[in-house]
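Down below is the structure, laid out as structure tokens.
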Amino acid sequence: GRLIATFHNEVTMSHIQTSPETPPQMTQHAMLVIWGIFARRIGLVEAIEAVKLKQKVQDHTPQTKVLEYLVAMLAGLPHLQDISHSAHPLDQDQLVAEAWGRAAWADYSGVSRTLSRLTGAEVAELTAALDSISQPYIDREVALALESAGELVYDADLTGRPVSSTSSSYPNTAFGHMGDAIELGYQAALVSLHSPTYGRLWLANELHPGNTVSMTRTQALVIAAEKRTGRRPQRRIDLLGNRLAQVQVALEISRDTVAASFQKQREAEGKLHDTRLSLREWAQAVRTLTAQYQQENRQQTAHCQLTRAQRKVATLTKQIPRYEKALGVAERRLARHEADYGAIQAEVDQLQARLQQFQADNAANPNPIRATFRLDGGFTSHENLYWLIEMGYDVYTRGRFPKVRDDLSAKVTDETDWRRVGNNANMTAWGNTTVDGYFAYPLDVALLHYHTGDTVQRATLLHYGQTDVVADLDGWFHTYNGRQTIEAGIKEGKNVFQMHHLNVRSAEALLLQEHLACFAANFVRLAAEWLTDERQPTPFAIPSVKQMVRVAAHTSAWVKRQGDVWFLTFTEQSCYAGCSLRFGDGVIQLPLPLFKGICFSHF
């Protein structure tokens with residue numbers, strides 16, 4: 001297809017009225033019409049229609065209602081009822097429906113019923129259909145990123161989706177940290193790709209109960225990113241093999257420790273058993289001697305046989321609690337050492353399985369790439385950090401290890417070289433260090449001082465990878481903070497695509513809403529590139545997703561159709577008055593994955 005955009009100082013109705021039999025019609029949602037044309041040309045409408053949804057059809061198919069829900073999200077409508085009850089109801093805009101290949105839109109109540117009746121399998125098919133539409137664009141951006149930057153850069157984050165604290169109709173909710181408060185709701189785990197063309201593309205998302213914490217989702221997000229891009233770095237099996245060997249040595253030491261603890265436990269158990277047996281024997285002797293003394297009418301003396309037996313009983317009685325305590329200590333020590341041994345054995349088994357998997361991964365990946373993950377400190381437990389390194393990723397993260405921060409602070413002297421890296425931040429770093437054995441692998445570790453008034457806050461940054469970040473602290477600081485792109489994406493999802501309103505309540509529909517929000521954010525960017533393909537001027541700010549959704553999707557235009565040709569002329573009441581757009585007939589070519597045949601290998 002070809003887009004022709006022309007600007008006029010004055011636009012009259014005669015400019016577009018070419019046939020009296022087909023007078024122009026007005027839409028209040030000009031951008032939604034344009035997006036509908038784009039959606040049909042890239043096969044989105046056809047892909048949704050192909051999904052079989054087993055629901056009763058009256059006036060509108062369930063596929064139509066799913067599309068209507070997506071269009072409502074593209075319009076930035078905060079509530080489902082806004083489809084029918086806003087100032088300019090979407091379901092009354094016939095031109096938008098036709099642009100999206102629909103005869104008409106359903107009332108919002110019908111959309112709500114359809115969403116509530118979706119099954120898990122149907123949602124999975126819908127999300128797969130959406131992924132199939134955006135996949136060619138992702139493939140192209142992967143190729144472009146590798147060709148231009150030599151690596152893929154991923155960002156991951158977790159964001160809260162709160163609901164009313166008294167709500168009981170949302171399934172699988174839980175209280176958790178959301179922002180600066182504890183709220184009821186969900187946590188959405190998201191991963192994005194840094195895109196040369198679009199800035200940011202969402203790759204995957206997951207919805208979890210509100211008490212989910214970041215570090216439990218790290219590995220799943222990394223695997224989801226690899227699955228979506230189809231590319232992965234070379235696994236660092238040499239590092240993993242060395243770590244496995246060290247853990248196996250620790251296992252042997254732990255086995256010896258368990259054997260020694262078991263021996264001590266047996267000795268303590270034997271001593272207590274012998275003492276109890278002796279006590280019973282001496283107690284019986286006391287009873288026998290007492291009876292004998294009574295029969296013979298003998299008087300007990302200080303050194304007689306009965307007195308000596310009674311003293312023996314008293315001594316043994318005092319020893320038993322001490323021996324019981326010693327046995328308890330030995331048993332707890334043995335249990336602790338056995339638990340340590342079990343944990344180390346589990347780690348050995350896990351690392352051995354991982355090594356086998358990574359060897360298979362490398363064998364099946366003849367053209368590994370270089371890739372970087374930027375993560376907030378909440379994602380990086382020790383194990384997650386080691387796993388990312390072994391997976392082959394370069395890692396930029398913020399350390400949440402108080403011991404590391406305190407140890408580094410103790411190393412600071414008057415001669416420490418501090419570098420200014422921000423308006424209120426100074427930074428110093430140590431390269432290739434385990435911080436006195438605190439980490440299994442040598443890392444680049446930095447200490448940050450943030451000055452806020454009279455107070456100083458300290459934080460640590462961690463890095464693993466090929467880049468010499470210690471030689472460029474400013475670059476390190478700003479590369480890590482480049483992950484603000486995903487934070488901006490989360491904010492965009494909440495404020496532009498209204499994800500701070502969960503307007504569905506079934507578990508399946510909630511998953512669909514989450515996926516549609518990410519698809520919508522990608523879709524707007526894909527459509528913006530399409531609009532600028534011919535390098536023609538447009539009346540709205542193409543890079544501004546917020547403007548396109550909040551303004552352009554709610555501005556009025558006259559629309560004239562002639563066959564498959566659409567004419568749009570923004571009305572005089574529109575902020576884009578004086579602009580006309582013409583969309584001609586044709587089929588849009590999906591972007592091919594450029595350089596797909598070229599192999600990039602980064603070690």
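Residue numbers count from 1 along this sequence.
Using modelled atom types, one finds no donor on one side chain facing an acceptor on the other under 3.5 Å when comparing Ser506 with Ser116. No side-chain donor-acceptor contact under 3.5 Å links His208 and Asn172. Using a 3.5 Å distance cut-off with no hydrogens or angles, the side chains of Glu226 and Tyr393 do pair a donor with an acceptor. Donor-acceptor pairing under 3.5 Å is lacking for the side chains of Ser195 and Thr197. Using modelled atom types and a 3.5 Å distance limit, the side chains of Lys65 and Ser112 yield no donor-acceptor pair. Counted by atom type alone, Thr61 and Thr64 present one or more donor-acceptor pairs between their side chains at under 3.5 Å. For the residue pair Thr119 and Glu508, no side-chain donor N or O sits within less than 3.5 Å of a side-chain acceptor on the partner. Remark: the Ser556 side chain and the Gln573 side chain contain no N/O donor-acceptor pair separated by less than 3.5 Å. No hydrogens or angles considered: nothing links the side chains of His79 and Asn503 as a donor-acceptor pair under 3.5 Å. Between Arg228 and Ser134, the side chains place a donor N or O and an acceptor N or O closer than 3.5 Å (distance only, hydrogens not considered). With 3.5 Å as the limit, one finds no donor-acceptor pair spanning the side chains of Glu141 and Tyr198.
Taking the side chain as every heavy atom from C-beta outward, Thr159 and Lys494 approach each other to under 4.5 Å. A heavy-atom distance below 4.5 Å is found between the side chains of Val551 and Tyr576. Looking at heavy atoms from C-beta onward, Leu158 lies out of side-chain contact with Asp376 at the 4.5 angstrom threshold. Residues Ile486 and Trp202 form a side-chain contact, since some pair of their non-hydrogen atoms from C-beta on lies under 4.5 Å apart. Side-chain atoms of Ile48 and Leu70, non-hydrogen and from C-beta on, never get closer than 4.5 Å to each other. Contact check for Tyr108 versus Asp82: no side-chain heavy atoms found under the 4.5 Å cut-off. Contact of the Arg505 side chain with the Ser167 side chain is registered, since non-hydrogen atoms from C-beta on lie closer than 4.5 Å. Looking at heavy atoms from C-beta onward, Trp566 lies out of side-chain contact with Leu581 at the 4.5 angstrom threshold.
The closest donor-acceptor contact from the side chain of Thr380 to the backbone of Gly377 lies under 3.5 Å. Between the side chain of Thr216 and the backbone N or O of Val213 there is at least one donor-acceptor pair closer than 3.5 Å. Remark: side-chain polar atoms of Arg235 are not paired, donor with acceptor, to backbone N or O of Ala360 under 3.5 angstrom. Side chain of Thr212 to backbone of Pro209: a donor-acceptor contact under 3.5 angstrom is found. Arg374 places a side-chain N or O within 3.5 Å of a backbone atom of Thr479 that can act as its donor or acceptor partner. Under the 3.5 Å distance criterion, the side-chain polar atoms of Gln94 are matched with a main-chain donor or acceptor of Ala103.
Each of Glu514, His500, Gln187, His501 was evaluated against Arg161; a single residue qualifies, Glu514, per the side chain to side chain donor-acceptor pair (under 3.5 Å) test.
The residues Glu98 and Arg561 are annotated as salt-bridged, a charged nitrogen and a carboxylate oxygen being separated by less than 4.0 angstrom. Glu383 has a carboxylate O that lies under 4.0 Å from a charged side-chain N of Arg354, or vice versa, which qualifies the two as a salt bridge. Classification of Glu125 and Lys54 as a salt-bridged pair fails, no side-chain N sitting under 4.0 Å from a carboxylate O. For the pair Lys491 and Glu487, the salt-bridge criterion is not met [side-chain N within less than 4.0 Å of a carboxylate O]. Under the 4.0 Å criterion applied to side-chain N and carboxylate O atoms, Arg217 and Glu206 are assigned as salt-bridge partners. One finds no salt bridge joining Asp155 and Arg200 here, because no Lys/Arg side-chain nitrogen approaches an Asp/Glu carboxylate oxygen to under 4.0 Å.
Partners of Tyr69 under the ring-ring contact (aromatic ring centres under 6.0 Å, His included) rule, at least two apart in sequence or in another chain, do not exist in this structure. Taking Ala553 as the reference, Met31, Leu32, Trp35 meet the side chain to side chain contact (heavy atoms under 4.5 Å, CB included) condition, with sequence neighbours excluded.
For Phe523 and Phe38, the distance between ring centers is under 6.0 angstrom. Proximity of the aromatic rings of His554 and His88 is defined here by a centroid distance below 6.0 angstrom, and this criterion is not met. Side-chain rings of Phe583 and Trp530 approach one another, their centers coming within less than 6.0 Å.
Considering all non-hydrogen atoms of both residues, Phe379 and Leu221 come closest at CE2-CD1, 3.9 Å. Shortest non-hydrogen contact noted between Ala371 and Tyr154 is CB-CE1, 4.1 Å. Among all heavy-atom pairs drawn from Ala204 and Ala224, the shortest one is CB-CB, 3.7 Å.
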Criterion side-chain contact (heavy atoms from CB on, under 4.5 Å) on Gln513 and Met73, from CA distance to verdict: CA-CA 9 Å; Gln513 180 182 9; Met73 192 170 289; 3.8 Å; yes
Go through it in stages, so that I can follow the logic: the residues are Val545 and Glu492, the test is side-chain contact (heavy atoms from CB on, under 4.5 Å), and I'd like the CA-CA distance, side-chain angles, deciding distance and then a yes or no. CA-CA 8 Å; Val545 172; Glu492 177 185 89; 3.6 Å; yes
Going through the checks in order, is the side-chain contact (heavy atoms from CB on, under 4.5 Å) test met by Thr397 and Leu461? CA-CA 6 Å; Thr397 188; Leu461 293 184; over 6 Å; no
Apply side-chain contact (heavy atoms from CB on, under 4.5 Å) to residues Phe519 and Leu526 and explain how you reach the verdict. CA-CA 10 Å; Phe519 179 83; Leu526 306 183; 6.0 Å; no
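No more than 12 heavy atoms of other residues, nucleotides or ligands sit less than 6.0 Å from atom CD of Glu46.
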